Amino acid sequence: MSEFNKDDYLNDLPDADELAAGQVAPEGDADQAEPESNNDAQSSEMQGEQRPNEEPATPEEGEEADSVDGKLTPLGQAKKEAAEYLEALQRERAEFINYRNRTKKDMERARQQGIIDVLAAELPALDDIDRIREHGGEMDESFQAVTAKIDKAFEKFGVEKFGVKGEDFDPTRHDAILHKPDPQAEKATVDTVVEAGYRIGDRVIRAARVVVASPQE
């Protein structure tokens, strides 16, 4: 056995400054440094599997299949039922709108018919009032006030009185009880109103009975 020389041993030890600078690693730390390199390698492998610029693929919203192997999924079944309910609701709504429109027309028709019935019952009295006016009969203020109220009442319900001397003859509105030749007439016109006509809108309640002045042939 060689003799131990302390000076040789001390000279073989690394310098303290070199240890502090990390230039020389102690022998005891060599085994500990190796796992760190392994961890770096594993990290590099993981990074190789997923690149930093690539995002993981995710399913887009609403792309879940409604059916699998020809069978509806719960979501697909729910969508189908919702579509059926919506179609039924739209059909019911259309039927209701048609019913409401028919009801309005029926109500308006019934309203007009009620007015027509009242007017038809009053026509003889209205004709007598017109004859009194036409022949210059005397009417006191009270009677004039009553006739004015009658005219306003019919006007309120859309009743229009027509048939005036000098207007063009219209066979859809006038009932000619007599045609008399007139050398000065250029076209058929109303010469005399025997009974006034009444209508509601385009619906003629009674045609005006008139004498027509016609051009001579």
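The structure displayed is predicted, hence computed values, not measured ones. The figures that follow rest on heavy atoms only: side chains count, while hydrogens, waters and symmetry mates do not.
- Considering all non-hydrogen atoms of both residues, A185 and A213 come closest at CB-O, 4.3 Å.
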Exercise for review: Kindly determine whether D168 and R173 satisfy salt bridge (charged side-chain N to carboxylate O under 4.0 Å, His left out), including the steps that lead there.
Suggested key: CA-CA 10 Å; D168 294 343; R173 300 190 306 131; over 6 Å; no
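- In the hydrophobic clustering of ILVMFWY residues, with side-chain heavy atoms under 4.5 Å counting as a link, I200 and L119 come out together.
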Check your understanding: Should R131 and E195 be marked as a side chain to side chain contact (heavy atoms under 4.5 Å, CB included) after you check the CA-CA gap, both sets of side-chain angles, and the distance that decides it?
Key -> CA-CA 9 Å; R131 293 187 184 99; E195 293 177 350; 3.7 Å; yes
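- The shortest non-hydrogen separation linking H179 to S214 is ND1-OG, 3.2 Å.
- Remark: E155 CD is loosely packed, at most 12 non-hydrogen atoms of other residues, nucleotides or ligands lying under 6.0 Å away.
- Residues I116 and Y198 form no side-chain contact, since every pair of their non-hydrogen atoms from C-beta on lies 4.5 Å or further apart.
- The residues R111 and D106 are annotated as not salt-bridged, no charged nitrogen and carboxylate oxygen being separated by less than 4.0 angstrom.
- The hydrophobic cluster containing L89, built from Ile/Leu/Val/Met/Phe/Trp/Tyr side-chain heavy atoms closer than 4.5 Å, comprises no other residue.
- Judged as a ring pair (Phe, Tyr, Trp, His ring centres under 6.0 Å), and not counting sequence neighbours, F154 has no contacts.
- Summarising the hydrophobic clusters (Ile, Leu, Val, Met, Phe, Trp, Tyr; side-chain heavy atoms under 4.5 Å, direct or chained), the residues clustered with Y99 are none.
- Here L126 contributes atom CG and T147 contributes atom OG1; the two are 10.0 Å apart, rounded to the nearest 0.5 Å.
- Counting heavy atoms from C-beta on, the side chains of N98 and E95 never come closer than 4.5 Å.
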Could you give the side-chain donor-acceptor pairs of residues 156-165 under 3.5 Å, partners two or more places apart or in another chain?
from : atom 1 : to   : atom 2 : distance (Å)
E160 : OE1    : R199 : NE     : 3.1
E160 : OE1    : R199 : NH2    : 3.4
E160 : OE2    : R199 : NH2    : 3.0
K161 : NZ     : D130 : OD1    : 2.7
K161 : NZ     : D130 : OD2    : 3.1

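- The number of heavy-atom neighbours closer than 6.0 Å to CZ of R100, taken from other residues, nucleotides and ligands shown, is above 12.
- Under a cut-off of 6.0 angstrom, the local environment of CD in Q184 is sparse, with at most 12 non-hydrogen atoms contributed by other residues, nucleotides or ligands.
- K105 and E108 are not joined by a salt bridge, as no carboxylate oxygen comes within less than 4.0 angstrom of a charged side-chain nitrogen.
- Here V190 is tied into one hydrophobic group with F169, V193, V210, V212, each link being a pair of ILVMFWY side chains closer than 4.5 Å.
- Looking at heavy atoms from C-beta onward, D182 lies out of side-chain contact with D191 at the 4.5 angstrom threshold.
- For the atom pair H174 NE2 and T189 OG1, the distance stands at 10.5 Å (nearest 0.5 Å).
- Chaining together hydrophobic side chains whose heavy atoms lie under 4.5 Å apart places V211 alongside I177, L178, V194.
- Taking CD1 of I115 as the start and CZ of R203 as the end, the distance is 10.5 Å to the nearest 0.5 Å.
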